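Read the structure below first, then the notes.
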Amino acid sequence: MTLSNLAFLVIFLSIFLVSRASKEILIGIITSKKASSYYGSKVAIELLNNHYNISEFFQFEFYFDEGNEGLAVKHIVDILKENRRIFAVIGQLLKHYNVPQISPNSASPLLSNRDEYPYFLRMTNSALERNFVRIKILKYFGWRRVFVITEALEFFYEIYDHFYQQAILNNITIAENFIAHSSEDLETIIRKLIDRDARIVIIFAYNTITRYYLCQAYLHNLYGERYVLILPSSVLKLILTSNLFPNICSPEDANLVLDGTLREVSSSASNEIYFPYGNTVSNINDLVQKMYDYMNDSTSLGYAGNAFDAVMTTVLTVENLINKNASDYWEIDQNEMGKSILAKLQNADFKGFLGKIRFDKNGNLRRNTVIQQYFKEFADNPVEIGMYDGITGDINFTTKPYISVPTDACSLNLHP
């Protein structure tokens, strides 16, 4: 494993557990003081300390890296040097120690590889999971011909490759996949989209590429009721709050292109949560308000809910295992201990801050996905139009989308 890979994992996989020989369990959290996951973890710890009957075995410590990869790695090394028994550390080290880890927000498809990361779980979908939602949307509307723009990064290549495979299985033709190495490539790509009468465009890219596409689409009138744009959920807010390329198009211009855009976002719990093993119900509104109080000027919870559920799931699962096995727990072989914790976590089934908490065989949270549509009149509040069930794979539209692209505009017969 290279240092660069390890640094990547440290930045995005923040929670791990360590047990001392003195029968104390340390839960270490590597994060930045400015990260939303820090505040979500703090609220979970307060709830555990103040309202739950948590055993004397647990203690919590924060390790702050402030975005410094080297410092984050140092935290891991320092803990290992103290000769504590490891419950969960990081990345590929997990399979050597036979110990599980829950990550709040890592979406990389690489982490679903059970040969490389057999003890890894995460409180989010893999980035590949969203492809099932996209395919369902295309099939629902009868759109069989689509164009894709993929940013030239390994992360997006993986997402596209998986999307391509799913498209073939569902008789959907990708007319062309345009690779964008930089924003300058978008001018040529836009011209090709116009020449080929593209109506459905899916973008796998970060903020800069996506925003430049919006500007070029505006300049070439590639927007309106006859066109549909499908974006990853993560880029929309960044696009709306940034003012990239002001000499080409204004935020208001980009807004016009975004009108009618579809996106998918992970759902959250409704109005209350409950945790396994007989713990009491908590009102989610109180927890949300406490997170906002901590975050002061923030308008978004970000990954605070993910971190909250990661801490609660880990603590309550391990505590139940300790209580069930009593004094024998500390005598269990380390390898068997790791396997027993993983099995308990893998089979978690309850309702948390994020909604239904249930993991698939690859350690991904089987989370529902909300389908939203963006309207320029409601710039800060996209409209929920449907839901994808992460457990059954069903999709249900509750509100008729504002889309008028005729099926024949995407047909293979019309556009060979």
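If you're wondering where the values come from, they're calculated on a predicted model, not measured in any experiment.
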Is the closest side-chain heavy-atom distance between [X] and [Y] below 4.5 Å?
X: V311; Y: D309; result: no
X: V201; Y: V146; result: no
X: F147; Y: I200; result: no
X: I190; Y: Y213; result: yes
X: F120; Y: S103; result: yes
X: I179; Y: D185; result: no
X: R145; Y: R196; result: yes
X: F204; Y: Y157; result: no

* Ring center gap for H162 and F132 short of 6.0 angstrom ->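 H162 vs F132: aromatic centres under 6.0 Å.
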
* Is the centre of the Y292 ring less than 6.0 Å from the centre of the Y39 ring? ->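 For Y292 and Y39, the ring centres are not under 6.0 Å apart.
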
Looking at every non-hydrogen atom in both residues, tell me the closest pair between [X] and [Y] and how far apart they are.
X: I174; Y: N177; value: CG2-N, 4.3 Å
X: L128; Y: E158; value: CD2-O, 3.7 Å
X: V133; Y: I371; value: CG1-CG1, 4.2 Å
X: F163; Y: N131; value: N-ND2, 3.4 Å
X: I189; Y: A180; value: CD1-CB, 4.2 Å
X: H181; Y: A152; value: CD2-CB, 3.5 Å

* To do: I would like to know whether L186 and I209 meet side-chain contact (heavy atoms from CB on, under 4.5 Å); could you show each step before the answer?
  => CA-CA 8 Å; L186 269 300; I209 294 290; 3.8 Å; yes

Do side-chain atoms of [X] reach the backbone of [Y] as a donor and acceptor pair under 3.5 angstrom?
X: Q166; Y: R134; result: no
X: N368; Y: M387; result: no
X: K361; Y: R114; result: no
X: E151; Y: Y206; result: yes
X: N306; Y: P104; result: yes
X: N125; Y: L365; result: yes
X: N113; Y: L110; result: no
X: D389; Y: I391; result: yes

* Asked: Out of V228, L229, I230, which one pairs with T261 under the side chain to side chain contact (heavy atoms under 4.5 Å, CB included) rule?
  ->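 Result: among V228, L229, I230, L229 is the only option passing the side chain to side chain contact (heavy atoms under 4.5 Å, CB included) with T261.
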
* Candidate pair Q372 and I385, rule side-chain contact (heavy atoms from CB on, under 4.5 Å), full reasoning -> CA-CA 5 Å; Q372 295 180 332; I385 61 173; 6.0 Å; no

Verify the distance criterion only: is there a donor paired with an acceptor across the side chains of [X] and [Y] at less than 3.5 Å?
X: Y212; Y: E184; result: no
X: S126; Y: N364; result: no
X: D161; Y: Q165; result: no
X: S108; Y: R122; result: no

* Can you list the steps and then say if F353 with M291 is a side-chain contact (heavy atoms from CB on, under 4.5 Å)? -> CA-CA 12 Å; F353 192 96; M291 290 179 191; 3.8 Å; yes

* Asked: Y38: what forms a ring-ring contact (aromatic ring centres under 6.0 Å, His included) with it, not counting sequence neighbours?
  ->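 By the ring-ring contact (aromatic ring centres under 6.0 Å, His included) rule, Y38 matches F62, F64.
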
In Å and rounded to the nearest 0.5 Å, what is the [atom1] to [atom2] distance from [X] to [Y]?
X: R366; Y: I357; atom1: CZ; atom2: CD1; value: 13.0 Å
X: T392; Y: I395; atom1: OG1; atom2: CD1; value: 10.5 Å
X: M123; Y: F359; atom1: CE; atom2: CZ; value: 4.5 Å
X: I194; Y: Q216; atom1: CD1; atom2: CD; value: 9.0 Å
X: D360; Y: R367; atom1: CG; atom2: CZ; value: 14.0 Å
X: L138; Y: R144; atom1: CG; atom2: CZ; value: 12.0 Å

* Please test Y117 against N362 for side-chain contact (heavy atoms from CB on, under 4.5 Å), starting from the C-alpha separation and ending with a verdict. => CA-CA 9 Å; Y117 307 102; N362 292 322; over 6 Å; no

* To do: Look at atom CZ of F178 and say whether more than 12 heavy atoms of other residues, nucleotides or ligands are closer to it than 6.0 Å.
  =>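 It does: F178 CZ has more than 12 such atoms within range.
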
* To do: Inspect the surroundings of CZ in F155 and state if more than 12 heavy atoms from other residues, nucleotides or ligands are less than 6.0 Å away.
  =>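 For F155, atom CZ is crowded (more than 12 foreign heavy atoms under 6.0 Å).
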
